[in-house]
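Report on the structure given below.
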Amino acid sequence: MQPPESEVLAAGLDALDLDLGEAQRSALLAYLALIAKWNKVYNLTAVRDPAEMMTMHLLDSLAVVAPLRRHLGDRPARVLDVGSGAGLPGVVLAIALPQLTVTCVDTVGKKASFIQQVAGELKLRNLSAQHARVESMAIAPVDVVTSRAFASLVDFTSLTTQHLAPGAVWMAMKGKRPGDEQAALPPAVEVFHVEQLTVPGLDAERCLIWMRPKP
């Protein structure tokens, strides 16, 4: 018999050394329930099993919270989540780091609508979504552009460069370290850190590729 989702989440947060309040934990579980509910009609994600959703979606996204907090400190910052899908990691970041202003963008209208629904139901005033192509969307410059399996590093950086504020960075969530993609990056993009991630309950490689424009 599987333990309750709240216990799995609590154990995952302990393993990630994340101290989230009760309201944040409740919001994460409510978000997971909304994905499961909407998935029946809108096919937001290929993962259907609730236990797999917890590990492959929620805990996978929570694994980047501490690295992002280390980079930004506790200062307010603007984050753009590209190809957000069901809102991963954007919704999770908005819940776990309320000082962030998070915009999720996806070319699929029903996915952007779902994220807007999540923002409304969970009263996440720091979260919004746009149905758009990232290269042509209108948005104020951001401090971090992130994505989770959105595109190659070359496409990810080239399509979003215009959205970077001065001093901004790209934070790409990847599985195995994509050596070929890194090698293909143009000279104008610098990889300044590659961080291995451990996702509780997930037996697969994960890493973060940190990049910035070369001065």
Do the side chains of [Y] and [X] get nearer than 4.5 Å, heavy atoms only?
{"X": "C104", "Y": "Q130", "answer": "no"}
{"X": "M137", "Y": "H163", "answer": "yes"}
{"X": "I115", "Y": "S84", "answer": "yes"}
{"X": "L97", "Y": "N126", "answer": "no"}
{"X": "D17", "Y": "D14", "answer": "no"}
{"X": "P178", "Y": "I209", "answer": "yes"}
{"X": "V92", "Y": "L28", "answer": "yes"}
{"X": "Q24", "Y": "P98", "answer": "yes"}

Would you name the heavy atoms of [X] and [Y] that are closest together and state the gap between them?
{"X": "V105", "Y": "A132", "value": "CG2-O, 3.4 Å"}
{"X": "V154", "Y": "T157", "value": "O-OG1, 3.1 Å"}
{"X": "L59", "Y": "P200", "value": "CD1-O, 3.6 Å"}
{"X": "V199", "Y": "T55", "value": "CG1-O, 3.9 Å"}
{"X": "L208", "Y": "P67", "value": "CD1-CB, 3.7 Å"}
{"X": "P89", "Y": "M173", "value": "CG-SD, 3.7 Å"}

Has [X] got a side-chain atom pairing as donor or acceptor with [Y]'s backbone, closer than 3.5 angstrom?
{"X": "E181", "Y": "S152", "value": "no"}
{"X": "D106", "Y": "K111", "value": "no"}
{"X": "S136", "Y": "R133", "value": "yes"}
{"X": "D81", "Y": "G90", "value": "yes"}
{"X": "E135", "Y": "S158", "value": "no"}

Shared ILVMFWY cluster between [X] and [Y], side chains joined below 4.5 angstrom?
{"X": "L16", "Y": "L88", "value": "yes"}
{"X": "W38", "Y": "V41", "value": "yes"}
{"X": "L68", "Y": "F192", "value": "yes"}
{"X": "L32", "Y": "L44", "value": "yes"}

Determine whether Q182 and L153 satisfy the following criterion, side-chain contact (heavy atoms from CB on, under 4.5 Å), listing intermediate values before the conclusion.
CA-CA 7 Å; Q182 276 185 247; L153 294 179; 3.9 Å; yes
So salt bridge (charged side-chain N to carboxylate O under 4.0 Å, His left out) across residues 197-215, not counting sequence neighbours, yields D60-R206, E190-R212
Determine which pairs satisfy salt bridge (charged side-chain N to carboxylate O under 4.0 Å, His left out) with at least one residue from residues 63-80, sequence neighbours left out, and list them in order.
R70-E195
Hey, what do you get for [atom1] ([X]) to [atom2] ([Y]), rounding to the nearest 0.5 Å?
{"X": "L9", "Y": "S26", "atom1": "CG", "atom2": "OG", "value": "9.5 Å"}
{"X": "S61", "Y": "M56", "atom1": "OG", "atom2": "CE", "value": "11.5 Å"}
{"X": "L93", "Y": "T101", "atom1": "CG", "atom2": "OG1", "value": "12.0 Å"}
{"X": "T45", "Y": "H57", "atom1": "OG1", "atom2": "NE2", "value": "2.5 Å"}
{"X": "L122", "Y": "L127", "atom1": "CG", "atom2": "CG", "value": "9.0 Å"}
{"X": "L62", "Y": "L20", "atom1": "CG", "atom2": "CG", "value": "6.5 Å"}

V102 vs L80, test: side-chain contact (heavy atoms from CB on, under 4.5 Å). Steps then yes/no.
CA-CA 6 Å; V102 180; L80 176 62; over 6 Å; no
Applying side-chain contact (heavy atoms from CB on, under 4.5 Å), run through T103 and V142 and close with a yes or a no.
CA-CA 9 Å; T103 302; V142 301; over 6 Å; no
Does one side chain, of [X] or [Y], offer a donor that lies under 3.5 Å from an acceptor on the other?
{"X": "Q196", "Y": "R177", "answer": "no"}
{"X": "T107", "Y": "H131", "answer": "no"}
{"X": "T160", "Y": "W170", "answer": "yes"}

Kindly assign one of parallel, tilted or perpendicular to the pair F156 and F150, based on the angle between their ring planes and the thresholds 30° and 60°.
perpendicular
Identify, with sequence neighbours excluded, every residue that meets side chain to side chain donor-acceptor pair (under 3.5 Å) alongside E121.
Q117
Qualifying residues under side chain to side chain contact (heavy atoms under 4.5 Å, CB included), relative to K110, sequence neighbours excluded:
Y42, V108
Could you pull out all residues at least two apart from S6 that satisfy side chain to side chain contact (heavy atoms under 4.5 Å, CB included)?
P4, L29
With Y31 via ring-ring contact (aromatic ring centres under 6.0 Å, His included) - residues at least two apart:
none
As a quick check of understanding, evaluate side-chain contact (heavy atoms from CB on, under 4.5 Å) for V64 and L197, giving each step before the final call.
CA-CA 8 Å; V64 308; L197 300 176; 3.8 Å; yes
